[in-house]
Amino acid sequence: MLGGFLVFNADTGAPLFHRRFVPGFGLHGAKSQPALADPVGLALQLFAFSRFSRDLPDKPSLESIHFGNSGLVGKMFFASETLATEPRQVTLVAFGDLPGPLGQRLASSLLKALVLENSPGPSG
C-alpha cells in the first residue's frame, strides 16, 4: 500500500509538493496525533535525516527508513534528482508498506516523472 509522497528541496528542506492517498499518509499514530503527518513538519524532519546522512564520511545517500509493524505504513523510501531547469536538488519520500526494492523503485520513478512533467519542453 502506498500512503502518499512528499517532495522537498534537498538543500533547504522547503516542501514543494505532496500527495496523500490515505489520511495522514497512512502513518501509524497520525490518527491520534495529526501533527505527525503535517507536510511541512514531515519535510523538515526528513530533510534533517537526509542532510545528516549526506554529511557523514563518504556522503552516503539515505534510501529508506523502516519502523512499526507490518500491515501499517512503516517504510519511507527516498529518491533524489537535480532539476534540469535550475541547479536545485529535490528529494521525494514515498510512504508505504512495500518491499524494499519495489518501494525504492517506485520513489525513483515518481520523482523522475514529476521532474519530467515540470521540465520545459523541447521548444524551451
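Below, all heavy atoms of this structure are taken into account, side chains as well, without hydrogens, waters or symmetry copies.
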**Item:** Euclidean distance, Phe17 CZ relative to Leu110 CG, rounded to 0.5 Å
**Value:** 10.0 Å

Side chains of [X] and [Y]: does their closest heavy-atom pair fall under 4.5 Å?
X: Arg51; Y: Asp11; result: yes
X: Asp38; Y: Leu42; result: no
X: Leu6; Y: Leu92; result: no

If we ignore hydrogens and angles and just use 3.5 Å, is the side chain of [X] paired with the main-chain N or O of [Y] as donor and acceptor?
X: Glu81; Y: Gln89; answer: no
X: Ser109; Y: Arg105; answer: yes
X: Lys75; Y: Leu98; answer: yes

**Item:** Pairing residues for Phe49 by the ring pair (Phe, Tyr, Trp, His ring centres under 6.0 Å) criterion, not counting sequence neighbours
**Value:** none

For [X] versus [Y], what's the shortest heavy-atom pair and its separation?
X: Leu2; Y: Ala94; result: CD1-CB, 4.1 Å
X: Gly13; Y: Ala43; result: O-CB, 3.7 Å
X: Phe25; Y: Arg19; result: CE2-O, 3.7 Å

**Message:** Are Leu36 and Phe47 connected into the same hydrophobic cluster when the rule is that any two of I, L, V, M, F, W, Y join if their side-chain heavy atoms are below 4.5 Å apart?
**Reply:**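 Per the 4.5 Å side-chain linkage, Phe47 and Leu36 are not co-clustered.
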
**Request:** Verify the cluster assignment for Leu114 and Leu16: are they in a single hydrophobic cluster under the rule of side-chain heavy atoms below 4.5 Å apart?
**Result:**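 Shared cluster, yes.
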
**Request:** Please determine which of Leu46, Val90, Val40 meets the side chain to side chain contact (heavy atoms under 4.5 Å, CB included) test together with Phe8.
**Result:**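 Testing Phe8 for a side chain to side chain contact (heavy atoms under 4.5 Å, CB included) against Leu46, Val90, Val40 leaves exactly one candidate, Leu46.
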
**Message:** Ignoring hydrogens and geometry beyond distance, is a side-chain donor-acceptor pair present between Ser80 and Thr91 at under 3.5 Å?
**Reply:**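 Present: a donor and an acceptor within the cut-off.
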
**Prompt:** Going by the angle between their ring planes, with limits at 30° and 60°, are Phe5 and Phe21 parallel, tilted or perpendicular?
**Reply:** tilted

**Item:** Thr82 vs Arg88, side chain to side chain contact (heavy atoms under 4.5 Å, CB included): CA-CA, chis, key distance, verdict
**Value:** CA-CA 6 Å; Thr82 300; Arg88 175 171 63 161; over 6 Å; no

**Message:** I'd like to know whether Met76 forms a side chain to side chain contact (heavy atoms under 4.5 Å, CB included) with Leu27, so could you lay out the CA-CA distance, the side-chain angles of the two residues, the decisive distance to 0.1 Å, and finally the verdict.
**Reply:** CA-CA 10 Å; Met76 297 179 192; Leu27 295 171; 4.2 Å; yes

